[in-house]
Amino acid sequence: MASSIPFSATLPSPLPSFTRASWPSMALPTPSSKLSLGSCKSAFFQHGFFLQSAAVPGFFMKARCFGVFARAATESLYDFTVKDIDSKDVPLSKFKGKVLLIVNVASRCGLTTSNYSELSHIYEKYKTQGFEILAFPCNQFGGQEPGSNPEIKQFACTRFKAEFPIFDKVDVNGPNTVPVYQFLKSSAGGFLGDLIKWNFEKFLVDKNGKVVERYPPTTSPFQIEKDIQKLLAA
């Protein structure tokens, strides 16, 4: 994973300069619960917690909390059920045994064209080898995914010929973060902890449903290809 996140000029200004810190991932545990959220493929159910972040002049830093990192060791992506962009329930256990790349997408971002094009290329190349891309639309970054589910689906499938699953529009940060992203972020916190930084942040998940790597928005899908190949060969 890159040690810094060199945002390009396509992102709105001003943006903070990010450098990775080695602070421990800590949060206050909460009772296990299951939430049913009417979001595309994002009505995730998770046993866990939400870690808030505090703003510090010039950069963001993980909130300092006292407690125990309380995510169950046996929890995997397959424990969740979500809704697709057509509002149909999809148990993620259907992807068991596959390598997954999970990404929050947007239709009007400066990173949209390159990411959608490369994602479609990689999906076409590896889909018969046990690889899937799960795309979660999100409108939290610059309001760059304002459309309805049908509009998002038409945009991705018509303009970029996307064949990979696209889910309902969701929140990936803040108090309404869907449980699937709580799980992903608690599995690969890194600098900024649970905070998704922008459109097209990516999580790579192995065949056992465990998050093995997290990539910043400016990491292109083509740069992840070697990591995908290694997991497919494992």
Side-chain angles (χ1 to χ4, degrees), residues 1 21 23-55 60-85 87 89-96 100-106 132-141 145 165-206 208-217:
M1 180 175 176
W23 302 318
S25 296
M26 301 184 70
L28 293 174
T30 59
S32 296
S33 62
K34 289 204 170 185
L35 303 176
S36 178
L37 302 178
S39 59
C40 191
K41 265 192 177 178
S42 299
F44 267 79
F45 308 132
Q46 180 201 4
H47 305 286
F49 55 83
F50 175 71
L51 177 63
Q52 295 181 335
S53 299
F60 291 96
M61 183 174 71
K62 279 196 266 186
R64 296 177 66 87
C65 302
F66 297 95
V68 179
F69 194 91
R71 186 168 52 83
T74 57
E75 188 176 62
S76 81
L77 200 68
Y78 309 137
D79 296 331
F80 302 102
T81 295
V82 297
K83 289 185 180 295
D84 65 18
I85 203 162
S87 298
D89 288 336
V90 178
L92 294 187
S93 57
K94 72 174 290 185
F95 299 110
K96 191 171 184 179
L100 305 176
L101 186 64
I102 301 176
V103 53
N104 58 299
V105 300
E132 286 285 351
I133 294 171
L134 310 184
F136 290 86
C138 178
N139 193 42
Q140 289 186 291
F141 306 102
E145 188 70 294
I166 301 175
F167 305 119
D168 188 23
K169 187 159 58 177
V170 299
D171 280 1
V172 299
N173 288 331
N176 296 319
T177 299
V178 289
V180 61
Y181 266 86
Q182 292 177 16
F183 168 77
L184 292 171
K185 293 186 294 184
S186 68
S187 297
F191 180 60
L192 296 183
D194 285 346
L195 188 64
I196 298 296
K197 290 164 277 298
W198 197 252
N199 303 309
F200 297 100
E201 187 154 333
K202 304 161 187 76
F203 293 86
L204 188 61
V205 180
D206 69 14
N208 298 312
K210 302 294 183 180
V211 178
V212 297
E213 190 56 271
R214 177 176 179 171
Y215 307 91

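FYI, side chains are in, hydrogens and waters are out, and symmetry mates aren't considered; it's all heavy atoms of this structure.
Note: Leu100 CG to Lys210 NZ = 13.5 Å, rounded to the nearest 0.5 Å. Between Gln140 atom CD and Asn176 atom CG the span is 8.0 Å, to the nearest 0.5 Å. Here the CG atom belonging to Asn173 is positioned 9.0 Å from the NZ atom belonging to Lys197, to the nearest 0.5 angstrom. Rounding to the nearest 0.5 angstrom, the gap separating the CG atom in Asn208 from the CG atom in Leu77 is 11.5 Å.
In plain terms, the two heavy atoms of Gly209 and Tyr78 that are nearest each other are N-OH, 3.2 Å. Here the shortest heavy-atom pairing between Leu92 and Leu134 reads CD2-CD1, 4.4 Å. Pairing each heavy atom of Cys138 with each of Ala106, the nearest pair is O-CB, 4.2 Å. Of all non-hydrogen atoms in Arg214 and Leu195, the two that sit nearest each other are NH2-O, 3.0 Å.
At least one side-chain heavy atom of Ile133 sits under 4.5 Å from a side-chain heavy atom of Val103. At least one side-chain heavy atom of Val172 sits under 4.5 Å from a side-chain heavy atom of Phe141. Between Val212 and Phe203, the closest side-chain pair of non-hydrogen atoms is not below 4.5 Å.
The side chain to side chain contact (heavy atoms under 4.5 Å, CB included) with Pro137 is formed by just one residue from the set Asn199, Ile166, Val170; it is Ile166.
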Can you check ring-ring contact (aromatic ring centres under 6.0 Å, His included) on Tyr181 and Phe136, steps first, answer last?
CA-CA 10 Å; Tyr181 266 86; Phe136 290 86; 5.8 Å; yes
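When only modelled atom types and interatomic distance are considered, Asn104 and Lys202 share no side-chain donor-acceptor pair under 3.5 Å.
With sequence neighbours excluded, the residues forming a side-chain hydrogen bond (donor to acceptor under 3.5 Å, both in side chains) with Glu145 are Ser107, listed by chain and number.
With Gln182 contributing its side chain and Thr177 its backbone, the two residues share a donor-acceptor pair below 3.5 Å.
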